Structures are given as C-alpha cells and as structure tokens.
Amino acid sequence: MRHPRSFIPPTFPSNSLSTQDCLHSVYAVSDLHTDYAENLAWVDRLCSRRHLRDVLLVAGDVSDTLPLFQQTMATLALKFGLVFFVPGNHDLWLRRDGSEGKDSLRKLWRIERACEAAGVKTTPQRVRMCGGSVSICPLLSFYHESFDTEPAISRLRLPSVARVMADYRACHWPPPLRMGSEDLARLFDRINERQLARSAAQAENNAWLTPLRSWDDAHGEGAALLSFSHFLPRIELIPEKRFLFYPDLMKAVGSAPLGARLKSLRPHAHVFGHTHFGWDGEVEGVRYIQAPLGTPKERRQRMRTLAIGEMTRGPLEVYDGRRRSGPAGLVARRHAVWSDYYRTTEREPTTVEPAPWVLKHYLARAPRRVVGS
C-alpha cells in the first residue's frame, strides 16, 4: 500500500500496539462512479491526513474503465489506513475495442491485480482496532433475474431488463454463463471461497491484520463482524415495486446465493450498494447500510432518497473502534428516507397498483406504456 512519507503501516508485534498505532473507525461508501468529473473531485477532496487511522469499505461501482478505477483506488489507499473493496456491475464493463479484456471475468481478475498493486484488500480479515478487533468480510456477488419473487405491477407495459440495463450490453461472460442467470450468481458466490483461501497472503507484513482461516473464524475474539457486497442479499432492502419508476429493477439488484451466505455468516452489520438509495435499517437481527455517492444528476434531482449522513462531505462512519468493542462499536442509526419508512410500515408487495407519482411519470412521458390510458 502506498502512503504519504509521514505515515508507514506498522510491522511491529500486534500486542505492542498503542492508541497512536491502532486503527480508529470503519467508514463505508458505494457507487463512487468517478467517471463523472464531479465524483472524482469528491474523492480528490477527501482530507489527506484525517483518515490515516481509519478503514474504508468500498462497496462497488468505482468506475466503468480500468484506468479511472486504478486512479481512484490509489487515491483512496493514500488517504485511508486500510481500504477493502468488492466489485460492482460497472466495474466489470468492457470497452468495445477489447482493451479491458475479452470478458468480464477476465476484467475481474485484472481488477484484483489492480487492488493488489494499490494495497487494497479484497479478502476476509480480522482488523485490529483500538478497542478490540473487527472482522471484515468482502463478499463477491452478481444479480440474477429470479431474485425478483414479488408480483408484477399492474397497468404498466415495461421494457425488458435486457433493454433497460446497460450491463446486458457492456458485460460479457464466457459461455455458458448468461447475463441475469442464477448460474452467474452462483459462480460469483463460489469465488468467495477462493478469496478466503487468499486471506493469509493479503495479511502479510501488516500488524493490523489477522487472516481469517474460515468463515466461522470471523466470530472469534468477540469481534464485531462487518460484511459488505455491492448487490442486495435481501429483497426487503429496496422499496416495493409500486414505488419504483422502473418496477422491474427488482430483477437486476440482488443475489439469493449472497443472501444464503449472509444467513450462514450472521454478520452484525452488512454494507451494500447498487440501488442508490440511502439505507440504514435492521432485518432479522442484521443491520443493513447503504451509503451511495450516486451520480451528480441524482444528487441534484433526488437527494432526499439518496442521502444518508453527510455523504456530500465524505464516506459514512459505520463503526467506532476507538472506545468500544464488539457490536457495541456500531454507530447510531442514521436517517434515510426509505429505511425509515419501512421501520414503521409493513411491506406490501401484493399491492400492485403503481404509486401516484409513478403513474403520473408514465402518463406524462410514456402514456403508451399505461394500460387503459
């Protein structure tokens, strides 16, 4: 990992760590999309010294292109004590000229090598904090259409996911893998076992890290367990279809294999991305957090549903490891519009009438898509 000359990661024995030598907090961000100059400037503006004792979880969608991905991750690695990363769909897009690889799996391996070069971690690790330790588990995943198990919305004729999602044109997979298939989602989930086997190599010569030898090991030493992915492990982490301008987005957001892995892993908190909705809520004893930067247009037009904490200034703090240990180190829950809504309102997926603002949107912009209009 490259750092300013004034800051060198410790290599002394772990039991000699002092308050000045340990890590302080864990922060999270997703959907940086630094292909936008405004977003790249957001990364560049992060203080060069404030977070040198902090950990950053980057939950995917850094950049569509490998050069900007490398630039962004190198910048973050300079500004944080440790950076962990999992890829999103945009990170696996390919250029038509073939310069970023023949298929998206090969680009995944190129991204892995870029992370290695920058000192960015992609494997499960136990991280020593001032108040104890935190187990951090990056979880690879990809969405599949069958993740959508809720009824279709009435009154709307929707274009297919393959037409709407640019991934179907920008990502390419080696046969017989197919975009949107469960086979693709299962393949990504299996790669997590490979990542676990690589944990020791990424922990070498860093006194802050202890490799996790097994998933059960993640709960050792009374550590809080923080996992993160780009895609959703549960359908409850996105507003119901009737509230969405494109209700079939539900077919391109989540992974059932990821959900099964989380059920077995039992994290105290899970960070995710992809849908660009600020989120901080609990489902079946697990706290779920989304802290997206999103696009400049989204920040101008729908900051109310994007916002969580003070994301315009920097990543979201999710764990304070300076004075607290274990799950108690999780910071207080933040306000986010949709997770606050579901804190007090039962989910009703069988209500299939579009929300008034959704119907108004289609009547104004695409009335032919409204049945009976």
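Side chains included, hydrogens not; waters and symmetry mates left out as well; all remaining heavy atoms used. Counting begins at 1 with the first residue of the sequence. Since we're looking at a predicted model, the values are computed, not measured.
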Problem set entry | Test of ring centre spacing under 6.0 Å for F231 and F272 | no
For this session: Using distance alone, with no hydrogens and no angle criterion, decide if D97 and S99 have a side-chain donor and acceptor under 3.5 Å apart.
Result: yes
Problem set entry | Residue pair S104 / L92: nearest heavy atoms and the distance that separates them | OG-O, 2.8 Å
Exercise. Any donor and acceptor pair, going by atom type alone, linking the side chain of Q290 with main-chain N or O of H276 inside 3.5 Å?
Worked result: yes
For this session: Begin with the C-alpha distance, continue with both residues' side-chain angles, and end with the deciding distance and a verdict on side-chain hydrogen bond (donor to acceptor under 3.5 Å, both in side chains) for H274 and D61.
Result: CA-CA 7 Å; H274 188 55; D61 276 6; 4.5 Å; no
For this session: Begin with the C-alpha distance, continue with both residues' side-chain angles, and end with the deciding distance and a verdict on side chain to side chain contact (heavy atoms under 4.5 Å, CB included) for Q195 and L140.
Result: CA-CA 9 Å; Q195 299 297 78; L140 281 157; 3.8 Å; yes
Exercise. Is E221 reaching over with its side chain to a backbone N or O of S133, donor-acceptor style, under 3.5 angstrom?
Worked result: no
Exercise. Within a strict 4.5 Å, meaning less than it, do heavy atoms of the V370 and R155 side chains meet?
Worked result: yes
For this session: Check for a donor-acceptor pair, side chain of S227 on one end and backbone N or O of C137 on the other, with a separation under 3.5 Å.
Result: no
Problem set entry | Ring-ring centroid check Y27 H51, cutoff 6.0 Å | yes
Problem set entry | Side-chain donor/acceptor of K79 to backbone N/O of L46, under 3.5 Å | yes
For this session: Take atom CD of E193 as the centre, draw a 6.0 Å sphere, and report whether it contains more than 12 heavy atoms from other residues, nucleotides or ligands.
Result: yes
Exercise. When rounded to the nearest 0.5 angstrom, what distance separates CG in L105 from CG in L187?
Worked result: 5.5 Å
For this session: Using the salt bridge (charged side-chain N to carboxylate O under 4.0 Å, His left out) rule, collect all pairs that involve residues 161-180, keeping only residues at least two apart or in two chains.
Result: none
Exercise. Are the side chain of H33 and the backbone of S63 linked by a donor-acceptor contact shorter than 3.5 Å?
Worked result: no
For this session: Decide whether L68 and V58 are clustered together by the hydrophobic rule: side chain heavy atoms of Ile, Leu, Val, Met, Phe, Trp, Tyr closer than 4.5 Å, transitively.
Result: no
For this session: List the steps, then state whether side chain to side chain contact (heavy atoms under 4.5 Å, CB included) holds for Q202 with E116.
Result: CA-CA 8 Å; Q202 288 201 348; E116 290 278 357; 2.9 Å; yes
Problem set entry | Any side-chain heavy-atom pair of T312 and M303 under 4.5 Å | yes
Exercise. Hey, is the main chain of K251 close enough, under 3.5 Å, to the side chain of D248 for a donor-acceptor pair?
Worked result: no
Problem set entry | Y288 and F228 aromatic centres sub-6.0 Å | no
Problem set entry | Nearest-0.5 Å distance that lies between atom CD in E282 and atom NE2 in H270 | 14.5 Å
Exercise. Which heavy-atom pair separates R334 from R343 by the least distance, and what is that distance?
Worked result: O-NH2, 4.1 Å
Problem set entry | Closest non-hydrogen atom pair, P267 against V286 | O-CG2, 3.6 Å
Problem set entry | Worked verdict on K107 versus L94 for side chain to side chain contact (heavy atoms under 4.5 Å, CB included) | CA-CA 8 Å; K107 187 171 183 185; L94 302 174; 4.0 Å; yes
For this session: Using atom types as modelled and distance alone, determine if a side-chain donor or acceptor of R45 lies under 3.5 Å from a backbone N or O of L40.
Result: no
Exercise. Hey, is the main chain of H335 close enough, under 3.5 Å, to the side chain of D340 for a donor-acceptor pair?
Worked result: no
Problem set entry | Gap separating the CG atom of D148 from the CD1 atom of I235, nearest 0.5 angstrom | 5.5 Å
For this session: Let me know which of E240, E150, E236 forms a salt bridge (charged side-chain N to carboxylate O under 4.0 Å, His left out) with R347.
Result: E150
Exercise. Where do A223 and S135 come nearest, in terms of heavy atoms and distance?
Worked result: CB-OG, 3.8 Å
For this session: Decide whether L184 and Y168 are clustered together by the hydrophobic rule: side chain heavy atoms of Ile, Leu, Val, Met, Phe, Trp, Tyr closer than 4.5 Å, transitively.
Result: yes
Exercise. With a 4.5 Å heavy-atom cut-off, do R53 and W208 have their side chains touching?
Worked result: yes
Problem set entry | Spatial distance of atom OG (S199) from atom CZ (R213) [nearest 0.5 Å] | 7.0 Å
For this session: Decide yes or no for I136 and P124: does some side-chain heavy atom of the first lie under 4.5 Å from some side-chain heavy atom of the second?
Result: no
Problem set entry | Step-by-step side-chain hydrogen bond (donor to acceptor under 3.5 Å, both in side chains) determination, D183 to S181 | CA-CA 5 Å; D183 286 343; S181 68; 5.2 Å; no
Exercise. Could you walk me through whether R261 and S264 pass the side-chain hydrogen bond (donor to acceptor under 3.5 Å, both in side chains) check?
Worked result: CA-CA 5 Å; R261 184 170 291 277; S264 174; over 6 Å; no
Exercise. When you measure from the side chain of E100 to the backbone N and O of L66, does any donor-acceptor pair fall under 3.5 Å?
Worked result: yes
Exercise. Given side chains that start at C-beta, do those of I238 and L244 come closer than 4.5 Å, heavy atoms only?
Worked result: yes
For this session: Please say whether more than 12 non-hydrogen atoms of neighbouring residues, nucleotides or ligands are located less than 6.0 Å from CZ in R304.
Result: no
Exercise. Which residues pass the salt bridge (Lys or Arg N to Asp or Glu O under 4.0 Å) test with D280, sequence neighbours left out?
Worked result: R287
For this session: Assign the ring pair Y342 / F243 to parallel, tilted or perpendicular, where the plane angle (0 to 90°) is split at 30° and 60°.
Result: tilted
Problem set entry | Derivation and outcome, salt bridge (charged side-chain N to carboxylate O under 4.0 Å, His left out), residues R95 and D64 | CA-CA 9 Å; R95 289 183 177 179; D64 301 354; over 6 Å; no
For this session: Check the hydrophobic clustering (I, L, V, M, F, W, Y; side-chain heavy atoms under 4.5 Å; chains of links allowed) and say if F245 and M250 are grouped together.
Result: yes
Exercise. Would the H230 and H90 ring centres measure less than 6.0 Å apart?
Worked result: no
Exercise. If Ile, Leu, Val, Met, Phe, Trp and Tyr residues are connected whenever their side-chain heavy atoms lie under 4.5 Å apart, and connections chain through other members, are W279 and L330 in the same group?
Worked result: yes
Problem set entry | Validation row, ring centre F188 to ring centre W173 under 6.0 Å | yes
Exercise. Is the distance between the ring centroids of Y362 and W357 under 6.0 Å?
Worked result: no
For this session: Apply side-chain hydrogen bond (donor to acceptor under 3.5 Å, both in side chains) to the pair T123 and Q125, showing each step before the final yes or no.
Result: CA-CA 6 Å; T123 62; Q125 302 285 343; 3.0 Å; yes
Problem set entry | Audit row: R234, L232, side chain to side chain contact (heavy atoms under 4.5 Å, CB included) steps and yes/no | CA-CA 6 Å; R234 304 187 65 113; L232 280 57; over 6 Å; no
Exercise. With a 4.5 Å limit on heavy-atom distance, are the side chains of R299 and N39 in contact?
Worked result: yes
Exercise. Is V55 close to F84 at the side-chain level, that is, under 4.5 Å between some pair of heavy atoms?
Worked result: yes
Exercise. Any side-chain heavy atom of V26 within less than 4.5 Å of one from D320?
Worked result: no
Problem set entry | Minimum heavy-atom distance between I153 and L156, given as atom pair plus value | CG2-CD1, 4.1 Å
Seminar exercise, completed: Closest non-hydrogen atoms of D54 and S25, given as atom of the first, atom of the second and distance, are OD1-N, 3.1 Å
For this session: Examine distances only and state if a side-chain atom of S141 and a backbone atom of L258 form a donor-acceptor pair shorter than 3.5 Å.
Result: no
For this session: Look at the side-chain heavy atoms of Ile, Leu, Val, Met, Phe, Trp and Tyr, link any pair under 4.5 Å apart, and say whether W93 and L32 land in one connected group.
Result: no
